J.: 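Quick one: this structure, given as structure tokens, is what I'll be asking you about.
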Amino acid sequence: MARRCWLVKSEPGTFSFDDLLAEPERTTAWDGVRNYQARNFMRDEMRVGDQVLFYHSNASPPGVVGLAEVASEPYPDPTQFEPDAPGYDPKSSRETPRWQLVDVRAVRTLPRMVTLERIKAHPELRHMEVARRGSRLSISPVDPAHLEIVLALGEAAC
DNA sequence: GCCAACGTTGGC
DNA sequence: GCCAACGTTGGC
């Protein structure tokens, strides 16, 4: 099966790529996603080993800062059952959980972050979901060729 | 902090 | 099923 590539957004003030590196096994459950399209990607299409671009949103500047990978099969997001969690969903039940997630593991920090500005200025990368005006999707599929370009741009001498 | 874009909710 | 109101995202 062809390898799939993804981009996930995170606000560095909430959870940065350095925070991910600091986790045990450099891995965390990608919890709190409450958007059906993003959930469907995790539940139906992500596979262990898929490459993931880690994007800092609401940052200055915003951009891709690291490479990660999918590190688990999908499973129910435990925070949907926790009344005190921001992602608590009273309409979900343990019998038929509404929200699924995967684990994400850090692979490496990019020597040079690839800013949204550079992505938008690139003749091919400008077609990425994250470059779309008004794009709010927190998990999006990435063309493998685009991922390779982003990684190349993220090398120090480029 | 502003505000455009977008998703969700709920009245009808 | 429509759509206005509302809340959130996220660039700037």
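The chains referred to below are lettered A, B, ... by the order of the sequence lines, with proteins before strands, and numbering in each begins at 1. Note: hydrogens, waters and symmetry copies are ignored here, and every other heavy atom, side chains too, is used. For clarity, every value in this text was computed on a predicted model and none was experimentally measured.
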J.: Taking CZ from A/Arg132 and C1' from C/dG11, how many angstroms apart are they, rounded to a whole number?
T.: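 The distance from CZ of A/Arg132 to C1' of C/dG11 comes to 15 Å, rounded to the nearest Å.
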J.: Using atom NZ of A/Lys120 as one end and atom P of C/dG10 as the other, report the distance to the nearest whole Å.
T.: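 These atoms are roughly 13 Å apart.
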J.: Nearest whole Å is fine: how far is B/dG7 C1' from A/Ile139 CD1?
T.: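 Taking CD1 of A/Ile139 and C1' of B/dG7, I get 16 Å after rounding.
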J.: Check the orientation of A/Phe41 and A/Trp6. Use parallel for under 30°, tilted for 30 to 60°, and perpendicular for over 60°.
T.: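 Aromatic pair A/Phe41/A/Trp6 classed tilted.
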J.: Rounded to whole angstrom units, what separation is found between the CG atom of A/Asp89 and the C1' atom of B/dT8?
T.: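 Rounded to whole Å, this separation is 12 Å.
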J.: Determine, stepwise, if the pair A/Gln80 / A/Tyr88 fulfils side chain to side chain contact (heavy atoms under 4.5 Å, CB included).
T.: CA-CA 4 Å; A/Gln80 69 193 303; A/Tyr88 176 60; over 6 Å; no
J.: Yes or no on side chain to side chain contact (heavy atoms under 4.5 Å, CB included) for A/Met128 and A/Val150, after CA distance, side-chain angles and deciding distance?
T.: CA-CA 11 Å; A/Met128 290 177 69; A/Val150 170; 4.1 Å; yes
J.: Hydrogens and angles aside, do A/Ser57 and A/Glu11 bring a side-chain donor and acceptor to less than 3.5 Å of each other?
T.: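 Not at all, the side chains of A/Ser57 and A/Glu11 share no donor-acceptor pair under 3.5 Å.
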J.: Go through C/dC12, B/dT8, C/dG10 for me and flag the one nearest to the A/Ser57 side chain.
T.: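 So the nucleotide nearest the side chain must be C/dG10.
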J.: Could you say whether A/Lys91 or A/Ser135 is positioned toward the 5' end of DNA chain B, judged by the nucleotide with the nearest heavy atom to each?
T.: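 Checking each residue's closest nucleotide, the 5'-ward one belongs to A/Ser135.
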J.: Expressed as a whole number of angstroms, how long is the span from A/Glu129:CD to C/dG11:P?
T.: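 Taking atom P of C/dG11 as the reference, CD of A/Glu129 is at 12 Å.
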J.: Does the side chain of A/Tyr55 get closer than 4.0 angstrom to OP1 or OP2 of C/dT9 through an N or O atom?
T.: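 No.
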J.: Please, which pairs that meet side-chain hydrogen bond (donor to acceptor under 3.5 Å, both in side chains) have at least one residue in residues 139-149 of chain A, sequence neighbours excluded?
T.: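 side-chain hydrogen bond (donor to acceptor under 3.5 Å, both in side chains) check on residues 139-149 of chain A returns no pairs.
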J.: Can you measure A/Glu11 atom CD to C/dG11 atom P for me and round it to whole angstrom units?
T.: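 Result: 9 Å.
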J.: Just the rounded figure in Å: distance from C1' of B/dA5 to CD of A/Gln37.
T.: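 Interatomic distance, CD of A/Gln37 to C1' of B/dA5: 15 Å.
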J.: Apply side chain to side chain contact (heavy atoms under 4.5 Å, CB included) to the pair A/Gln51 and A/Leu7, showing each step before the final yes or no.
T.: CA-CA 9 Å; A/Gln51 291 182 291; A/Leu7 179 144; over 6 Å; no
J.: Under a 3.5 Å threshold, yes or no: a donor from one side chain and an acceptor from the other, between A/Arg34 and A/Thr79?
T.: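 Per modelled atom types, A/Arg34 and A/Thr79 side chains form a pair under 3.5 Å.
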J.: With a cut-off of less than 4.0 Å, is there a side-chain N or O of A/Lys9 near OP1 or OP2 of C/dT9?
T.: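 So the side-chain polar atoms of A/Lys9 never come under 4.0 Å of the phosphate oxygens OP1 or OP2 of C/dT9.
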J.: Just the rounded figure in Å: distance from C1' of C/dC12 to CD of A/Glu117.
T.: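 My rounded result for the distance is 12 Å.
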J.: Output one line per pair: protein atom, nucleotide atom from nucleotides 1-4 of chain B, and distance, for all N/O pairs under 3.5 Å.
T.:
from	atom 1	to	atom 2	distance (Å)
B/dA4	O3'	A/Arg133	NH2	3.0

